[in-house]
Amino acid sequence: MGTLIVYMNKVQRHFCLYVLAVCFMIPNLTVAKCFDTSCTMLKAGFGAYYVGFVMPSTIAFNGFGAHISANASRHWRWFVIGVDGGFGFSGVKAHTASTSTSVNFGSLVNIEPYIGVNLGSLENPIFVSLTLPVDHYGFGFAPNNNLDAMTLFEVGGALSGNIALAQGFGINFKLGYSYAYAGNYGIKRRNIDMGGLNQDPATIEVRDHYKNHTIPLNGAHIWELALGTTFEREYAEYSTIKILYAYLKCKYYTINAPNSAIVEGVLLEYSYANSFVTMLELGVGF
């Protein structure tokens, strides 16, 4: 298992360095509409992500995928409200100490409403926000330990903003922390139906199917870091501002071990786990 964790750490490190380099070379187009007292931001995009999940001495997942994201927000001189969201699909591979599964179908869903105060100006806002993220990750079915998905309901805070460094150039950033006050692991148990007890053995039809269950989690800590560069594209009539920007986001999870549970007569026990996701977004604004 030690070799497995070393491998996962190497993949994570090399991928983050690669994405960081690409982030500053590929732009994203977005549109903000500013009026006398407020600015409205709408954007939609797509991108790539890498997800990893490690449960020491048990199992690890990793996979690459594509995602679609959207954001809608409005800020005033002293106030901000908005919501981020997105979903994605990936190929996920599970690794244990002795085996690796074939690539399975994985998924990602994130939504984060937020509300806060603006400590900066209308043109260069700095937000301190209350956030209410919901994260869901589908790992694909891993037959050896039945773990199929993870869902987290969180409450937290974030510091974010846009800072102009020179004419037409600036940076945007986000530092966030949240605590998962509720959540669960999705468990998939295999069941084989051999037909009725009195059925003729020659006519028995074996039906192989799965049942879904959940095991409540005992909390998790989530840290988020996002960084991008902005380039002023053009100013249009009615103060419509178009900018180019590149954006990289990383989230890291430490997940407490859930209580042991008996599912269909089988005792299931899981240790603590660590997970991360790295996302690079491209898109268009409107």
Side-chain angles (χ1 to χ4, degrees), residues 1-16 49-65 88-110 133-154 156 177-190 210-225 249-279:
M1 193 64 190
T3 303
L4 171 62
I5 294 175
V6 169
Y7 166 78
M8 291 291 292
N9 289 338
K10 286 183 178 179
V11 171
Q12 178 186 1
R13 183 167 59 252
H14 292 163
F15 179 77
C16 286
Y49 72 93
Y50 178 82
V51 62
F53 177 93
V54 177
M55 186 176 287
S57 302
T58 306
I59 197 166
F61 299 93
N62 70 288
F64 289 92
F89 303 101
S90 66
V92 177
K93 195 168 186 178
H95 310 267
T96 67
S98 58
T99 63
S100 293
T101 67
S102 59
V103 175
N104 293 318
F105 181 76
S107 61
L108 170 155
V109 179
N110 304 119
V134 178
D135 293 330
H136 172 83
Y137 295 95
F139 300 126
F141 179 39
N144 290 338
N145 82 329
N146 311 296
L147 184 60
D148 185 55
M150 176 179 71
T151 303
L152 299 173
F153 299 91
E154 309 155 31
Y177 167 81
S178 58
Y179 177 76
Y181 60 88
N184 59 69
Y185 283 142
I187 306 299
K188 187 172 286 188
R189 291 284 299 162
R190 185 180 184 184
Y210 299 92
K211 290 185 178 180
N212 296 314
H213 305 271
T214 59
I215 293 181
L217 293 175
N218 287 326
H221 302 274
I222 302 96
W223 292 266
E224 179 179 352
L225 171 63
K249 179 168 73 173
C250 298
K251 296 183 76 171
Y252 185 79
Y253 303 75
T254 59
I255 304 148
N256 298 331
N259 296 330
S260 59
I262 296 177
V263 177
E264 297 184 16
V266 177
L267 177 64
L268 297 179
E269 295 181 300
Y270 297 100
S271 68
Y272 75 92
N274 299 312
S275 183
F276 65 90
V277 61
T278 303
M279 308 176 74

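Side-chain atoms are counted along with the backbone in the values below, which use heavy atoms only and exclude waters and symmetry mates. Computed from a predicted structure; not experimentally measured.
In this structure, Asn218 contributes its side chain and Asn256 its backbone to no donor-acceptor pair below 3.5 Å. In this structure a side-chain-to-backbone donor-acceptor pair under 3.5 Å is missing from Thr214 to Gly186.
Between Phe61 and Phe139, the ring planes lie parallel to each other; the angle is under 30°, not in the 30° to 60° tilted range.
More than 12 non-hydrogen atoms from other residues, nucleotides or ligands lie less than 6.0 angstrom from OH of Tyr179.
If you run ring pair (Phe, Tyr, Trp, His ring centres under 6.0 Å) between Tyr253 and each of Trp223, Phe276, Tyr177, Tyr137, only Tyr137 comes through. A side chain to side chain contact (heavy atoms under 4.5 Å, CB included) with Tyr252 holds for exactly one of Val277, Thr278, Asn274; it is Asn274.
Rounding to the nearest 0.5 Å gives a distance of 8.5 Å between NE2 of His136 and CG of Leu108. With values rounded to the nearest 0.5 angstrom, Asp135 atom CG is found 10.0 Å from Phe153 atom CZ. The CG atom of Asn110 lies 5.5 Å from the NZ atom of Lys251; values are rounded to the nearest 0.5 Å. Annotation: the span from Ile215 atom CD1 to Asn184 atom CG amounts to 9.5 Å, rounded to 0.5 Å.
When all heavy atoms of Gly138 and Val92 are compared, the pair lying nearest together is O-CG2, 4.2 Å. Among all heavy-atom pairs drawn from Pro216 and Pro258, the shortest one is O-CB, 3.3 Å. Contact between His95 and Lys93 at its shortest, heavy atoms only, is CD2-O, 3.7 Å. Closest approach of Met55 to Tyr272, counting heavy atoms only: CG-O, 3.6 Å. Nearest approach of Pro56 to Ser271, heavy atoms of both residues: O-OG, 3.6 Å.
Between Ile255 and Ser275 the shortest side-chain heavy-atom distance falls below 4.5 Å. Here the side chains of Tyr50 and Asn62 are in contact, with some heavy-atom distance below 4.5 Å. In this structure, the side chains of Ile187 and Leu268 come closer than 4.5 Å at one or more pairs of heavy atoms. Using a 4.5 Å heavy-atom cutoff, the side chains of Ser90 and Phe64 are not in contact.
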Tyr270 vs Thr58, side-chain hydrogen bond (donor to acceptor under 3.5 Å, both in side chains): CA-CA, chis, key distance, verdict: CA-CA 8 Å; Tyr270 297 100; Thr58 306; over 6 Å; no
